[in-house]
Structures are given as structure tokens and as C-alpha cells.
Amino acid sequence: MNWKKNWMMTMTSVTWTRKRHSHNELLVKPVLSISHRRGRAFAVSCILAFTMLCGLVSGCRPKTEKETRTILALDTYVTITAEGRDAIKAVADASSYIMEMEEKFSRKKKESEISKLNASSESAPVELSPETYAVLETAILYSEKTQGLFDPTIAPVMDLWGFGTDPHVPEGKEIEKTLEQVDYRKVHLISGNRAYVDEGTQVDLGGAAKGAIAAELMKRVRGYSVTKVILDLGGNVCAWSKSGTLNIGIVSPSEPSDLCCIYTLSKDREMSVITSGAYERYFEEAGVRYGHIMDPETGRPVKTDILSATVIGQDGTVGDILSTVLFAYGSERARDFAIAEGIDCILCVDNGTLWVSSSLKGKVDAQKGWTIEYFG
Amino acid sequence: MRRKDGQSNTSASAGARGGKTRPDRDLPARRFRFLPGDAVVIGAVAVVCVILLLVTWIYGKSVENRGRVVRITQDGNVILERNMADFSEPTEYRITSDSGEMVILLSSDKVYVKDSSCPDKICMHVGELKKSGDGAVCLPNRVVVQIVSSGTEEDQEVDVVAK
Amino acid sequence: MRGSRTAYDIAKTAMLLALALVLSILEAWLLPRGILPIPGFKLGLANIAILVTLYSVGRKEALMVALLRSLLLLAFGGNIVGCIFSLMGGLAAWGTMCLLSDMKKVSIFGVSIGGAASHGVGQIVAALLVTRTLYVVVYLPYLVLAGSFAGALIAYLTIPVVKALDHIGNEMIQ
């Protein structure tokens, strides 16, 4: 028998062929037919070989990992999520790095840079790490820009009101006295990453630290082979996705378990989304709600008609500062400031309206009960 | 093909021989026009479809309530992890720590911190936890309350929430 | 003479297998892989070839076409999951088509619709095995429904093919 014919027949006709002695029709009598033991074995091994080969080939794809970790750090709940080839390594590294950063910025830890700064004086300035110095510089810059509405030296007032330990409304006289310590001009920056403060001045970079840390963390995680990174530092979001869009929800200040809108971040753009408001950290006394964002002029919580201000931008430090600033300004001044400084923001205004920068058109989706008005 | 006795052995000429035009093989009969049996088949398929739709609808309803799990951790250790559906009656869950006390209300559709001894009460201001991923943290008491999904498909509309 | 095959039959089967492969590739091109969240979901156009094989050659050959189509698709595409889906769908379809074609009151339309519906069932079973979740059962009704319509269409397309093959067969033998 012709071997070529045999091969073809085996591949296409694996039927039971009874060997016929009669010659009624042109029968198939290949030696390699299935009625033959050899034929069967051959056919089966062909099929097996095919399957194994294909399995091998398809298994050779690089595997993508996905890893999430949540840790208690920086006085809050930090969640790090990454996807990509080195996701697990990246997240593990970021988790330990965050602990390091906590050391730098915490006012409570005696050995932190900020504590040392607060203990410095003109004759004994302290040298800060480049990152901390950069944040301090930015804080002072925006203090100047907002004529003191943002002030990193507000810490004594926060302590007076007892946020974090024993919240209460202090006496007017106490407030007056404490305000004397508050003035960003009492912080002096000198060359070589050094700085000192006047006596009694207490610097707290809490209003900028989270944004700064998020940016640092993002840089570190992106150093690994990853395709998607989402950082959530107690609500302070920094995210990036190489090839897909990300939906970042913004909490509704009147109903914190719902969203007021969703911001869609386009692919391959790293963005920080930071919201400031008085709906999470506050206390109530005699039916009045006192938020934690202080007005450095009055020493009391800012009076504003904005429920929450969200800043979207590439610089996390600035975003953190600006969200507080816009919140404190109130709707009209915040809008003007945002237009003047070119800030992309979303302001949740009292009556269920979102004032959104026109540069964010098409990227923000209002949720039920909220309407958008574009400005700028 | 010709056989020894001169007869043709092919199908076509078999017809000429007055025999069957098709050999007696395991072929199904040719029925190319619509027949009553078709209606039965279509009917059967339709019935099966309807039954399946019902089943999936019922299954969906049960999963909706069974899919969410509330997990409470203290000092990093899980002290409670139960299906939210277990709390058909709203239940109060008390936690004590060296810094104070907390009361968490657990019900089948939502979980929230009813009372807490912490000064800032952020954990209470977060509001009601309903969807998988919602969470409340009380740092002074070192307690975390969160809703986790038990593994069923849940489409997350958002990847992360800014607060 | 039951069970024996002519060389012509085998050639026919080979051709129909090739047709099945081409149809599979065509339906993959027609329906991009994202329409349903199930990976490997297919329309079942290759059932045309299986149905023709069933009516023109025989049951066992039809089974072979169904099996080998899946395996060869694996060779061409390297997608094991898709292969399993084809396999299960094809096997289920072949099984019901065999059963239905033996029933006197059922025409080729009924056979095809039943076959396409069970093709859907076969795919869901495959999905259950692959994903190991119960959730995929949600898609079952829709697959079955869509499959039924496809089945009617397939039957309509199969009839002329079978008749043509007969005609060619007769001509060839002469």
C-alpha cells in the first residue's frame, strides 16, 4: 500500500474498518486503519502529541500578577494595589518604604525630621532630606500664594482644639494666644536643604505629606515592571494604568457611603486625586459641627460653603495643599483661584451641584442627585 | 468498478439494477421538509430556556444577599468574619480595647459603627458600609471593619475612591 | 455491508473536516472574542459541516469531524480553553443530532436546532469546568436561545450542500 495514502486515510478516517474478503465495493484496507492495533496506537499517539505540543506552546506566556496590600500607616489606612509581572515584589517594597516615610514626616515621633525642625533655632538649623525640604518649600510657597490661608504652622491650633485626643471648643482667649505662634513666615529656609523655625513655632506637614508620599511611592512602584498601580492613602489617591482607563470615585460629602461623581483617568497618565472636606474629621458640640480644617486668621474651623474640594493633578504635594486651600476659600474665591492658577478641580457646592473645571469635561460622570456646572 | 461477474458495484448503477440507490449504511433518513416533530424540538428548547432563566434569576437573588462578608479586625487579628446574610436581625457587636469601646451594628444589608469612644469618630462619619470594599477604620481602638466579597463575581464600577 | 466506507466517503469526510475548520475560523473572525464575558464562546457554524457529514457519510464520521476539528483548531490557534469549548459543544451537538435524526417525526431543521441548542449546553459545561464557578450558568439560557436560531439557519444551508454532494457523488462514480 502507498504510504501517502495510508497517512491521509488515518488522519481522516478513524473509523472501524472490517477487513473484507469480498470485493463489493472499493474498501479501505490500510494497514494503519484503526482495526489494526498499530493503527490505533499510531492515531492515539498523534492526538496526544498534538495536544501536548499545543499545551506547551500556549503555556509559554509571561504571567501577570495582581497584588493588594493594606497597612496602617501615616495615621490612616493605606492600600497599595499593583498589577504586572513584578506586582508582588513592588507592593512588598512599597509597604516597607511607607514605614520609612512615616519616620520622616510624623510630628509625634521624636526622631522624625519634622520634630527636629520644630526643635531647631536660628543658631541650630536642621538639615532635612531633599524630599522633606521640597515639601516644606512647596508648603511655604503656597502659603505665600494664598496670603496665609494655608499655613503649615497651624499645628498648635489643631492641638488646642484637641483633634485626635479630646476635641472641644476652646476659649477665645486661648485661641488668641495660640494664634501668636501661627505664622508661616516664622519658618526660614536656608541653602543646603537646611531650615529653622522661630521659637514656639510648630510645623506640621500633614496637609501636604500624604500627597508627597503618594507621589514618592508611585515613583518607587513604577520602577518595577508593572502595568497598573493604585495607591490609596486614607482617601488620597494616586493612580496609573498603562493600557486601560481607571475609574476613580469621589465620595459624596453629604452621604459618605455614596459617590458624588466618578472621574475617568485615561491610560498611561499618572494622576493624584485628593479631596478635602469636613465630613470625616469633625466633632459636634451643642449641635454645631466643627471640622478639622482651620483658618489661620481666626483660629477656628474655616467657614465655607463648599462641602468638599477635589484637586486632580500630577503633583501630589501641590494637590494635597490645593484641595485644602480651595475648600477654605469658599466657592466663589475657589473658582477664581482655580482659573487663575490653572487647577483642575471638582467642587461639591452646598446645593447638590458640582463645579467642575472645563478642562475636565468628558472625564467626570455625576452620580444620582448631583449636577455638573463647568467653569473656566 | 466492475466485478468479476460483470456487474457494476457502484451506487448509481445499482439504481439501474433496481436495487437501492443508497447502500444500507448508518445514515439518517433524508427529511428535508418541516415535520411535526420539529415543533416538539423547538418547544422543548423553549421550555428548557425558560426553566434556565428562572433558575438563574433565583440564584441571582440568593447570591445578592449571600455574597457579602463583614470582617472585623482588631490589632490586625480577625475577630469576626461572617456573612452579612447571617444577620437577618440587626445585631449590636461590642468591642473593647485598652483605649475604649466600640459598638458596631450588623444587619443583612448594611454595617456601620454605631458608637465609638474615639475622639475623632471618623469611623462613625464614614457612614454605612454596604458594598464589597467599603470599610471603616478606628485607629485609637485599632479596629477595622470592612465588607469583603466572598468570591462571587461583582463588577466594581470604580477602581478606587478618593475621600 | 454496514460500517464500511468507500474511498470516496473518506475523501468527503476529509473535505468536510476542512470545511469545519474554515467555518470555525470564519466565525471567530465574525464574532470578536469579547462579545460575551465567557472566553471561547462560539456560534457553532462548524455544525454545518458536522450535519452534512452526518447526512452524507455517516454517524461515526460526523463524530470524527467534530473531534478532529477541535484538536486541529488547537494546533492552529494554541488556545486550549477554546479547544475544550469546541470539543464539548461539538460532542453535545453530535450526540443530540444523532438521536434526533433517528426520530421519524423530526426533520433536518429539528435536528439542527436541537444540535445547536446542545452545542450551547456543551459550551456552558465546559465553562463550568474551566472557571469552576456557578456563575457562568447565567449565560446558558441566552446561548441556547441564540443557538436555536443559528440551528434553523444552519439546517437551511445544509440541505443544498447535501443534495449537491449526492449529485457530485453520482457523477463521480459514473
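Chain A is the first sequence line, chain B the second, and so forth, proteins listed ahead of strands; every chain is numbered from 1. Please read all numbers here as calculations on a predicted model, not as lab measurements.
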Is atom CD of A:E284 surrounded by more than 12 heavy atoms (other residues, nucleotides or ligands) closer than 6.0 Å?
yes

Side chain, backbone, both or neither: which part of A:Y282 has a non-hydrogen atom closer than 4.5 Å to chain B?
both

Residue A:L246 versus chain B: region with a heavy atom under 4.5 Å
both

The interface call for B:V160 against chain A, heavy-atom contacts under 4.5 Å, is both

Parallel, tilted or perpendicular: ring planes of A:F283 versus A:W161, cut at 30 and 60 degrees
tilted

Could you walk me through whether A:S252 and A:D258 pass the side chain to side chain donor-acceptor pair (under 3.5 Å) test, one step at a time?
CA-CA 6 Å; A:S252 162; A:D258 286 331; over 6 Å; no

Just wondering, do B:C123 and B:V145 contact through their side chains at under 4.5 Å, heavy atoms?
no

Among the listed options A:I248, A:I274, A:I250, A:L233, the residue most often paired with chain B at heavy-atom distances under 4.5 Å
A:I248

